[in-house]
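All remarks here apply to the structure that follows.
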Amino acid sequence: MFDVKWIRENPEVFDKGMKRRGLEPLSEQIIDLDIRHRTALTDLQEMQKRRNELSKKISFLKKEGEDAEIQIHEVGAIKRSMSETEEIVSTLSDEIEDLLIEIPNTPDEDVPDGEDEEDNVEVRKVGEPKTFDFKPKLHDELGVSLGLMDFENAAKISGSRFVILKGALARLEKALARFMLDTHTDENGFTEMYTPVLVKDEAMYGTGQLPKFASESFKTENGYWLISTSEITLANMAANHVSKESELPMRFCAYSQCFRSEAGAAGKDTRGMMRQHQFGKVELVSIVKPEDSKAEHEKITKCAEEILEKLGLAYRTVVLCTGDLGFGSHKTYDIEVWLPGEKRYREISSCSNCGDFQSHRMNARFKTDGVKGSKYVHTLNGSGLAVGRTLIAVLENYQREDGSIEIPKVLVPYMGGMEVIPANG
RNA sequence: GGAGAGAUGGCAGAGUGGUAAUGCAGCGGAUUGCUAAUCCGUGAACCCGAUUGGGUUCCCAGGGUUCGAGUCCCUGUCUCUCCGCCA
């Protein structure tokens, strides 16, 4: 969320950012509201000052045993105009807040302009798409023929967009998650966290899922939200808190189930495990000083890419164009893995630098010893990686002609020494 | 689910209607000198002002009573204790 004071001081920069997002300039409207708000606030404060003075005088007079009727009468008059002005102040302040909470982050200067994902720009391509001397199958064909991937029972129990994994595939899902977590904690300096999957409204506002994207998440009858990503819980670790500069950067990772309604995705990726209401994901979140966020963004992206390299999977990394950039993001890299069955690259990670956008919403600040005041932290998040989609990638890339699946070397220890999932499951 | 207690600055902790004690820590300064002691100063957000500066708000949140609320009343949130239930 934007700071009104910043918009007041940088209206052109702000409007330019909105324009790149395809939005109308808003600074004039906001600044007008802000001026009216501040004027009313100043008036209110003058009245409060006068009221305080009179109250002190009344207190003094009463102690002396003297009459204070005149003063009490005057305060009564002030109070009436005060409540009117208070009303104006809070209405204007709500109007500004309601406006600001729905405004997306501005794109970084080096984010390319564009309409949609077609305009994203490739920044690197690593590894050669695997070739086969037979026709590679899709992941769900493989999983079902192994007898380890069950969409029918999942549909019977929960409906569409769910899956049940059995035996070696269930273990493979867990193996991938453990491998990712171990890499991020042992090699990349992240601290593993176990966090709630049910959260309050406030947390959803903090990271930007609310108020605009309520329909993309599930809500329980008791008012909890099911997290669509553990970015929500990890980033909110810093909410309503003033960290010490020496505590930064903070790096958290978590494996969690993620829940998405996929309301706008009807008819898209309807087969297989590509797009589910529930999926496992290992998430990375960094909370850093403003001057460090650009470098941290590169680091987090590298951490995610390394997982794919260790798994021997070909990928490409793109920088999202302005039209494809998420609501809270200042700049985003998507990592796309090669899927031989689909014969194309598919998104498997999204790494974003949110700058101070989330920290304003969450009121997440840091303080330097001996320096007056505090500053907002920068927050970053990245999937490292989406486990369900990584499972898809392993199946399609490591399949053999007979339908058996080779286990990538790095996962063998996590599979209890198993090197191949045999064709009969 | 039942009963009770509580929420005050980075931390600890007073304050039951008159405008937030005190201690510790951190930071700045002074002084004395030897691994430290002592003394002084120092909360946050916001508004006005060209600067020195002035002011408002903030005791979990939101309402209410009052000339005046940390203190009284109502609603909510969270924490703790005991009981019940439970993976």
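Reminder, nothing fancy here: chain letters follow the sequence lines and each chain counts from 1. Hydrogens, waters and symmetry mates play no part in the numbers below; they use all other heavy atoms, side chains included.
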Measuring only the C1' atom in each nucleotide, how far is B:G70 from B:G6? A whole number of Å is fine. 14 Å

Whole-Å distance between B:G76 C1' and A:Asp201 CG? 14 Å

Quickly work out the A:Glu46 CD to B:U57 P distance and round it to whole Å. 12 Å

When you get a sec, tell me which of B:G55, B:C48, B:C46 is the closest nucleotide to the side chain of A:Leu41? B:C46

Nearest-Å distance once atom C1' is located in both B:G64 and B:G17: 16 Å

What does A:Arg80 touch in the nucleic acid at a heavy-atom separation under 4.0 angstrom: a base, only the sugar-phosphate, or nothing? nothing

A:Val75 vs A:Arg8, nearer the 5' end of RNA chain B by closest nucleotide: A:Arg8

Flag if over 12 foreign heavy atoms under 6.0 Å of CG, A:Leu23: yes

Is the NZ atom of A:Lys16 crowded by more than 12 outside heavy atoms at less than 6.0 Å? no

Nearest-angstrom distance, C1' atom, B:A5 to B:U19: 29 Å

Does any nucleotide pair with B:A25 by Watson-Crick or G-U wobble geometry, both distances under 3.5 Å, and what is it? none

Expressed in angstrom and rounded to an integer, what is the separation of A:Asp3 atom CG from B:C46 atom P? 8 Å

For atom CD of A:Glu53 and atom C1' of B:U56, their distance in whole Å: 12 Å

When you measure from the side chain of A:Lys294 to the backbone N and O of A:Asn353, does any donor-acceptor pair fall under 3.5 Å? no

Span that lies between the C1' atom of B:C11 and that of B:U16, in whole angstrom: 26 Å

Any donor-acceptor pair under 3.5 Å from A:Thr185 side chain to A:Leu181 backbone: yes

Provide the distance between the two P atoms, one in B:C82 and one in B:G62, to the nearest whole Å. 32 Å

Is B:C72 paired to anything, Watson-Crick or G-U wobble with both distances less than 3.5 Å, and if yes, which nucleotide? B:G64

Could you tell me whether A:Gln48 contacts a base, only the sugar-phosphate backbone, or nothing, with contacts defined as non-hydrogen atoms closer than 4.0 Å? sugar-phosphate

Any strand is fair game: report the nucleotide pairing with B:U16 by Watson-Crick or G-U wobble, both distances under 3.5 Å, or none. none

Is there a donor-acceptor pair under 3.5 Å between the side chain of A:Thr85 and the backbone N or O of A:Ser81? yes

Comparing nearest nucleotides in RNA chain B, the 5'-proximal residue of the pair A:Lys200, A:Thr42 is A:Thr42

Please answer whether the main-chain N or O of A:Gly272 pairs with a side-chain N or O of A:Gln276 as donor and acceptor at a distance below 3.5 Å. yes

If we take the C1' atom in both B:C74 and B:C24, what is their distance in whole Å? 38 Å

Looking at A:Phe162 versus A:His277, is the centre-to-centre ring distance below 6.0 Å? yes

Rounded to whole Å, how long is the line connecting atom CG of A:Asn240 with atom P of B:C58? 18 Å

Across all strands shown, which nucleotide pairs with B:G49 by Watson-Crick or G-U wobble geometry, both distances under 3.5 Å? none

Heavy-atom donor-acceptor pair, A:Thr39 side chain to A:Ile35 backbone, under 3.5 Å: yes

Please give the nucleotide sitting opposite B:G4 as a Watson-Crick or G-U wobble pair, both distances under 3.5 Å, or none. B:C80

So side chain to side chain donor-acceptor pair (under 3.5 Å) across residues 2-14 of chain A, not counting sequence neighbours, yields A:Arg8-A:Asp34

Report the base-pairing partner of B:U38 (Watson-Crick or G-U wobble, both distances below 3.5 angstrom), or none. B:A30

With 3.5 Å as the limit, what N/O pairs link the protein to nucleotides 17-20 of chain B?
unit_1, atom_1, unit_2, atom_2, d
B:G18, N2, A:Ser55, O, 3.4

Consider the side chain of A:Arg51, meaning its heavy atoms from C-beta on, and name the nucleotide among B:U57, B:C46, B:A45 that approaches it most closely. B:U57

Find the distance A:Lys5:NZ to B:C48:C1' and express it as a whole number of Å. 12 Å

Sticking with atom C1', work out how far B:G23 lies from B:G43, rounded to a whole angstrom. 16 Å

By the Watson-Crick or G-U definition, both distances under 3.5 Å, B:U57 is matched with B:A44

So, A:Thr207 side chain and A:Ala203 main chain: donor-acceptor pair closer than 3.5 Å or not? yes

Which nucleotide, in any strand shown, forms a Watson-Crick or G-U wobble pair with B:C85, with both distances under 3.5 Å? none

Integer-rounded Å distance: B:U56 P and A:Arg50 CZ: 13 Å

When you check the phosphate oxygens OP1 and OP2 of B:G68, does a side-chain N or O of A:Lys79 lie under 4.0 Å from one of them? yes

Would you classify A:Arg365 as touching base, sugar-phosphate or nothing, given that sugar-phosphate means primed atoms plus P, OP1 and OP2, and contacts are heavy atoms under 4.0 Å? sugar-phosphate

Using the P atom in both, what is the distance from B:A7 to B:G13, to the nearest Å? 11 Å

Could you state the OH-P distance from A:Tyr205 to B:A61, rounded to the nearest angstrom? 20 Å

